[in-house]
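Scroll down for the structure; my scribbles are underneath it.
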Number of protein chains: 2
Amino acid sequence: MSKQRTPLPLADCHTPLTAEPLSADQAERLAVSFKALGDPIRLRLLSLIASHQGGEACVCDLTDAFDVSAPTISHHLKVLRETGLVASERRATWVYYRAEPATLELLSTVLSVPQGAGE
Amino acid sequence: MSKQRTPLPLADCHTPLTAEPLSADQAERLAVSFKALGDPIRLRLLSLIASHQGGEACVCDLTDAFDVSAPTISHHLKVLRETGLVASERRATWVYYRAEPATLELLSTVLSVPQGAGE
DNA sequence: CATCTACTTTGACAGATATCGAATCAACTT
DNA sequence: AAGTTGATTCGATATCTGTCAAAGTAGATG
């Protein structure tokens, strides 16, 4: 069976939240993504993965960078995976993670402020 | 006394998190901001405030838009205020909130993906 | 001053979340 | 097949967070 969870449909959230009020439904789905970013370890994990050479990082590289246990890292990676911020692939013994630029860009757009907003 | 809490120093977080690994300290402070965005009601509040005519909204306008009590709205507004996402000002009987574009832009930049990243 | 409206703070509580140790799974190596 | 290393899942627990009712504050107005 595939490992790919439905990473929640954010497809209809392309408008900056400053432009028009979010629907309750959009807010619900966006909040899941921002909540995933709302943990220091997950932010660092995402940053480490995204900035890693080759665009991907092995879990073994990530675990050593933190003072928490391996299960905790695994838990945080799962949260990032389920929100579509990263994707994982097993190659032989190791599991590699890479960032999903589309999701990051989408969230970045939602927070962006069009010039002349709020006038 | 002033109502202005120190809205946490994010000044040194101008680089996309895909560009280089976040420091533990940067991640800690950014996480507070993203956590503030990680609630559907707060996202909608922020969106309502930012997109409101004149760039500001009275609390009375906001409270009616949700199914939760006034204290709960007040709590969420406080979280947004303390992270520097909004600012408030009392004029006569009413308290007006407006979005802080600089904070939004900063967070947007952190999530943005420079072209050619991860190669 | 008393009172009304707008908003915030306090205190309490139920549900969510981060964390760990132990157990499990997956792939490689003798 | 047995053992080793890498990674995830499970179960338990301490802490955090969202929520409300009740009480408190701020300003306007009678």
Side-chain angles (χ1 to χ4, degrees), chain A residues 1-5 24 27-28 30-46 48-49 52 56-83 85-98, chain B residues 1-5 24 27-28 30-46 48-49 52 56-83 85-98:
Chain A
M1 64 208 67
S2 169
K3 214 54 210 244
Q4 197 68 358
R5 293 274 181 299
E28 203 80 42
L30 285 169
V32 174
S33 294
F34 286 122
K35 197 179 299 183
L37 296 171
D39 180 279
I41 293 188
R42 285 198 290 268
L43 273 182
R44 289 177 64 197
L45 281 171
L46 179 58
L48 273 175
I49 292 166
H52 200 266
E56 62 180 16
C58 172
V59 176
C60 53
D61 298 329
L62 303 171
T63 305
D64 296 343
F66 299 89
D67 282 339
V68 298
S69 68
T72 297
I73 296 296
S74 203
H75 161 69
H76 286 306
L77 288 172
K78 185 180 190 177
V79 173
L80 292 173
R81 227 188 310 126
E82 289 178 344
T83 53
L85 284 162
V86 303
S88 67
E89 182 192 357
R90 171 158 227 141
R91 289 205 297 278
T93 305
W94 300 278
V95 176
Y96 294 89
Y97 280 78
R98 64 177 193 283
Chain B
M1 65 205 67
S2 168
K3 212 58 214 245
Q4 197 67 359
R5 294 273 180 301
E28 204 81 43
L30 285 169
V32 174
S33 295
F34 287 121
K35 198 178 300 182
L37 296 172
D39 180 278
I41 293 187
R42 285 198 291 268
L43 273 182
R44 290 177 64 197
L45 281 171
L46 179 57
L48 273 174
I49 293 166
H52 200 266
E56 61 181 16
C58 171
V59 176
C60 52
D61 298 329
L62 302 172
T63 304
D64 297 341
F66 299 89
D67 281 339
V68 298
S69 68
T72 298
I73 296 296
S74 202
H75 161 68
H76 287 305
L77 288 172
K78 185 180 190 176
V79 173
L80 291 172
R81 225 189 310 126
E82 288 178 345
T83 53
L85 284 162
V86 303
S88 66
E89 183 193 356
R90 170 159 227 140
R91 288 205 297 277
T93 305
W94 300 279
V95 178
Y96 294 89
Y97 280 78
R98 64 178 191 284

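Convention: sequence-line order gives letters A, B, ...; per-chain numbering from 1. Hydrogens, waters and symmetry mates play no part in the numbers below; they use all other heavy atoms, side chains included.
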Between D/dA7 atom P and A/Arg81 atom CZ, what is the distance in whole Å? 12 Å
Nucleotide-resolved protein contact map, nucleotides 21-30 of chain C, B/S/- at heavy-atom distance under 4.0 Å: BB---SSS--
Could you state the atom-to-atom distance from CD1 of A/Ile73 to P of D/dA7 in whole Å? 12 Å
Any residue meeting side chain to side chain contact (heavy atoms under 4.5 Å, CB included) with A/Pro71, in chain and number order, not counting sequence neighbours: A/Ser69
Below the 4.0 Å mark, does C/dA6 have OP1 or OP2 next to a side-chain nitrogen or oxygen of B/Tyr97? no
Which pairs count as salt bridge (charged side-chain N to carboxylate O under 4.0 Å, His left out) when at least one residue sits in residues 59-75 of chain B, sequence neighbours excluded? none
A/Glu82 has an atom CD; how far is it from atom C1' of D/dT9, in whole Å? 12 Å
Pair listing, salt bridge (charged side-chain N to carboxylate O under 4.0 Å, His left out) test, anchored in residues 86-95 of chain A, at least two apart: A/Glu56-A/Arg91, A/Glu89-A/Arg91
Provide, to the nearest angstrom, the distance between the NZ atom belonging to B/Lys78 and the C1' atom belonging to D/dT17. 14 Å
Rounded to the Å, how far apart are B/Leu37 CG and D/dT17 P? 14 Å
Do any N or O atoms from the side chain of B/Arg42 and from the backbone of A/Ala31 form a donor-acceptor pair under 3.5 angstrom? no
Distance, rounded to the nearest Å, where B/Leu80 contributes CG and D/dT17 contributes P: 14 Å
Can you find a heavy atom in the side chain of B/Thr72 that is under 4.5 Å from one in the side chain of B/His76? yes
Heavy atoms, side chains only, cut-off 4.5 Å: are A/Ile41 and A/Ile73 in contact? yes
Taking N or O atoms only and anything under 3.5 Å, show me the protein contacts with nucleotides 15-18 of chain C, one pair per line.
unit_1: C/dA18; atom_1: OP1; unit_2: A/Arg42; atom_2: NH1; d: 3.2
unit_1: C/dA18; atom_1: OP1; unit_2: A/Arg42; atom_2: NH2; d: 2.8
unit_1: C/dA18; atom_1: OP2; unit_2: A/His75; atom_2: NE2; d: 3.2

Need to verify one output field. Residue with the more 5' nearest nucleotide on DNA chain C, B/Trp94 or A/Ala70? B/Trp94
Could you give the CD-to-C1' distance, from A/Glu56 to D/dA7, as a whole number of Å? 16 Å
Contact class for B/Tyr96 vs. all strands (heavy atom < 4.0 Å): base, sugar-phosphate, or nothing? nothing
Would you indicate whether the side-chain heavy atoms of B/Thr83 and B/Leu37 approach each other to under 4.5 Å? no
Smallest separation among heavy atoms of B/Leu43 and A/Ala27, with atom names: CD1-O, 3.6 Å
If I take atom CG in residue B/Leu43 and atom P in nucleotide D/dG18, what distance separates them, rounded to the nearest angstrom? 12 Å
Tell me every residue that passes side chain to side chain contact (heavy atoms under 4.5 Å, CB included) with A/Val59, counting only those two or more places apart in sequence or in another chain. A/Thr63, A/Leu77, A/Val95, A/Tyr97
